[in-house]
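Just the heavy atoms: all of them, side chains too, but no hydrogens, waters or symmetry mates, feed the values below. Order of listing sets the numbers, starting from 1, for every ligand and every atom in it.
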Amino acid sequence: MSAALSAATASLQVAPLSAHIGAEIHGVDLTQKLSAQQVAEIRAALLKWRVVFFREQFLTHEQHVAFSAQFGELTLGHPVFGHVDGYPQIYSISKFRKATRFEGATLLRPWTGWHTDVTAAVNPPYASILRGVTIPPFGGDTQWTNLVIAYDKLSEPLRAFVDGLRGVHRFTPPAGASGTEAFVQAVSQRTLVTEHPLVRVHPETGERALYVSPSFLKHIVGVTPRESQALLELLWEHVTRPEFTVRFKWEPGSIAFWDNRATAHLAPTDIFDLDFDRQLYRTTLVGDVPVGPDGRASISLEGSPVGAAAAIALN
Ligand code: SIN
């Protein structure tokens, strides 16, 4: 923990980046303990803009954890891929990610497509905080999309139809991934499967979000496989319409803080066509169990909820 955490008092400036999603926040030093007003202002900006960005915040791992802890309880770095040595709450996102939790396990090209973090769990993290350290001079941008505006922009009959549906989210190794036997074994022992509502009511704002996490949502419950596939393709194409998205150009010291209850995001794949390295670190905050418009909560079909790192005995 940083030694002198004194409350800062400067007010924040919030600069929107597009019509529906993304804002840069200026006028705050994230290495310092925030005032209650600053926490409230950042929270309000997060709820409104879904993902907020900070520039030139050169945080240590300790400061990253301290900043995150002002917004909720931290999870373990990653339920499957583990955490940075000595920092149970920090997940390393490097170009060639390693499954650090399992000795001898390596995962190459672990990138998934559009997704919301850990939706295969019954209580996916409510927010993620990603810190850029080694950033390519070009390439490597991340994109986010606003799932609330995506829901709002469906036609009224389709909104009414999807309101009553539920989908099964499953964690499996990403397509194109390769790994050691130890990793494959470790992953197979940690299967996560959850039935979530297809439309999630945001617990803080009451807004409805089209809760489709393309990489993890495998099928819609109660319809035929062909119907499920056709409907999911329609919804996935819809939620990634460019006007619902923002694209962020990283710099060393950049931080992205997003609301997983209202967004999906896309990690870059162009970095694999470039020789540059890329290293970021992520924390995630413990989330609640999603609830649909009919009041029905998600149901865990396999695996454990994502607990707070502090409450989990590390092995
Ligand atoms: C993530 O999916 O959380 C990582 C995004 C990125 O590497 O840009």
> Are Tyr281 and His61 close enough that their ring centers fall under 6.0 Å?
Replying inline: yes
> Taking atom types as modelled, is there a side-chain donor on Trp258 or Asn260 under 3.5 Å from an acceptor on the other?
Replying inline: yes
> Does the distance from a Lys or Arg side-chain N to an Asp or Glu carboxylate O, for Glu204 and Arg261, drop under 4.0 Å?
Replying inline: yes
>> Suppose I only count heavy atoms of Arg278 and a 4.0 Å limit; which atoms of ligand 1 are within that range?
In response: 6 (C), 7 (O), 8 (O)
> By number and element, which atoms of ligand 1 are closer than 4.0 Å to a non-hydrogen atom of Arg282?
Replying inline: 1 (C), 3 (O)
> Based purely on interatomic distance, does Trp258 place a nitrogen or oxygen under 3.5 Å from a nitrogen or oxygen of ligand 1?
Replying inline: no
> Going by the atom numbers of ligand 1, which of them fall below 4.0 Å from some non-hydrogen atom of Thr142?
Replying inline: 6 (C), 8 (O)
> Just which atoms of ligand 1 are under 4.0 Å from any heavy atom in His115?
Replying inline: 2 (O)
> Can a salt bridge be assigned to the pair Arg50 and Glu207 using a cut-off of 4.0 Å between side-chain N and carboxylate O?
Replying inline: yes
> Non-hydrogen atoms of Ser128 versus ligand 1: any pair closer than 4.0 Å?
Replying inline: no
>> Between Arg200 and Asp288 (salt bridge meaning N to carboxylate O under 4.0 Å), is one present in this structure?
In response: yes
>> I'd like to check whether Trp250 has a polar contact with ligand 1, where a contact means an N/O of the residue lying under 3.5 Å from an N/O of the ligand.
In response: no
> Considering residues at least two apart in sequence or located in another chain, which fulfil the salt bridge (Lys or Arg N to Asp or Glu O under 4.0 Å) criterion with Glu56?
Replying inline: none
